[in-house]
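These notes are about the structure you will find just below.
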Amino acid sequence: MSKQNYERIWATVNAIPIGKVSSYGQIADLAGLPGRARLVGKSLGQIPKGRKVNWHRVLRSNGQLAFDKASEQAQRQKGLLQEENVVVLNNRVNMKEFNWRPDLSELLHTLQF
DNA sequence: TCCTTGACATTTT
DNA sequence: TAAAATGCCAAGG
């Protein structure tokens with residue numbers, strides 16, 4: 001049951017277009033789990049090996065990366081984002097510019113609701 | 001069933 | 001603007 005939620009979360013995360021970012025709360029909502037932002041974080045920490053999820057496009061609601069600036073994960077995330085032309089300054093992203101505005105019809109198509 | 005934990009969010013200092 | 005307090009809910013032990 002929770003596994004299904006994880007799958008849905010991962011699918012939603014993968015629906016984020018290149019060059020855009022989203023937040024945990026936003027992903028939770030889109031995945032049909034309003035108010036379960038923490039579950040999103042948990043699911044991202046439980047990604048099975050061999051499963052490809054672009055977790056680097058998910059950050060906190062204020063645009064900050066969810067890791068310590070010095071952490072390796074943060075560095076990797078920063079690099080991955082910059083490869084997609086997303087500007088990362090002082091461990092945070094300009095949400096006003098890069099926040100993803102999901103296209104509902106496209107989302108429905110991707111998630112097969 | 002109770003208690004702790006968490007890659008969070010929102011409100012208040 | 002930044003840090004702290006409070007709320008939230010699912011998972012695991």
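Per chain, numbering begins at 1; letters A, B, ... match sequence-line order.
- Here A:Arg51 pairs with A:Glu7 under the salt bridge (Lys or Arg N to Asp or Glu O under 4.0 Å) rule; sequence neighbours left out.
- Taking all atoms of both residues into account, the shortest heavy-atom contact from A:Val53 to A:Val13 is CG1-CG1, 3.7 Å.
- Of the residues in residues 70-97 of chain A, not one places a heavy atom less than 4.0 Å from an atom of DNA chain B.
- Screening residues 70-79 of chain A for salt bridge (charged side-chain N to carboxylate O under 4.0 Å, His left out) gives no qualifying pairs among residues at least two apart or on separate chains.
- In this structure, NZ of A:Lys42 is placed 11 Å from P of C:dA10, rounded to the nearest angstrom.
- Listed by first and then second residue, the side chain to side chain donor-acceptor pair (under 3.5 Å) pairs that reach into residues 91-104 of chain A are A:Asp103-A:Ser105, sequence neighbours excluded.
- Residues passing the side chain to side chain contact (heavy atoms under 4.5 Å, CB included) test with A:Asn85: none are found, sequence neighbours excluded.
- Here, B:dA7 and C:dT6 have their P atoms 22 Å apart, quoted to the whole Å.
- Residues that satisfy the salt bridge (Lys or Arg N to Asp or Glu O under 4.0 Å) test with A:Glu84, not counting sequence neighbours, are A:Arg57.
- Residue A:Asn62 contributes atom CG, which lies 16 Å from atom P of B:dA7 at whole-angstrom precision.
- Here A:Ile18 sits alone; no ILVMFWY side chain lies under 4.5 Å from its own, so it joins no hydrophobic cluster.
- For A:Asn90, the side chain to side chain contact (heavy atoms under 4.5 Å, CB included) partners at least two apart in sequence or on another chain are A:Lys69.
- Judged purely by atom type and a 3.5 angstrom limit, A:Ser71 has no side-chain atom pairing as donor or acceptor with the backbone of A:Phe67.
- Taking atom CD1 of A:Ile9 as the reference point, atom P of B:dG6 lies 18 Å away to the nearest angstrom.
- Between A:Leu30 atom CG and B:dA9 atom P the separation is 13 Å, expressed in whole Å.
- As rounded to whole Å, 10 Å separates atom P of B:dC8 from atom CG of A:Leu44.
- Distance from the side chain of A:Phe67 is smallest to B:dA7 among B:dA7, C:dA11, B:dC8.
- Within a heavy-atom distance below 4.0 Å of DNA chain B, the residues of residues 51-61 of chain A found are A:Trp55, A:Arg60, A:Ser61.
- Interface remark: the A:Tyr24 side chain does form a donor-acceptor pair with the B:dA7 base, using a distance-only criterion of under 3.5 Å.
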Sequence-aligned protein contact record of nucleotides 3-9 of chain C, with B where the base is within under 4.0 Å of a protein heavy atom and S where only the sugar-phosphate is: ----BBS
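- Note on residues 39-50 of chain A: no pairs pass side chain to side chain donor-acceptor pair (under 3.5 Å), not counting sequence neighbours.
- Listed by first then second residue, pairs satisfying ring pair (Phe, Tyr, Trp, His ring centres under 6.0 Å) with a partner in residues 9-38 of chain A read A:Tyr6-A:Trp10, not counting sequence neighbours.
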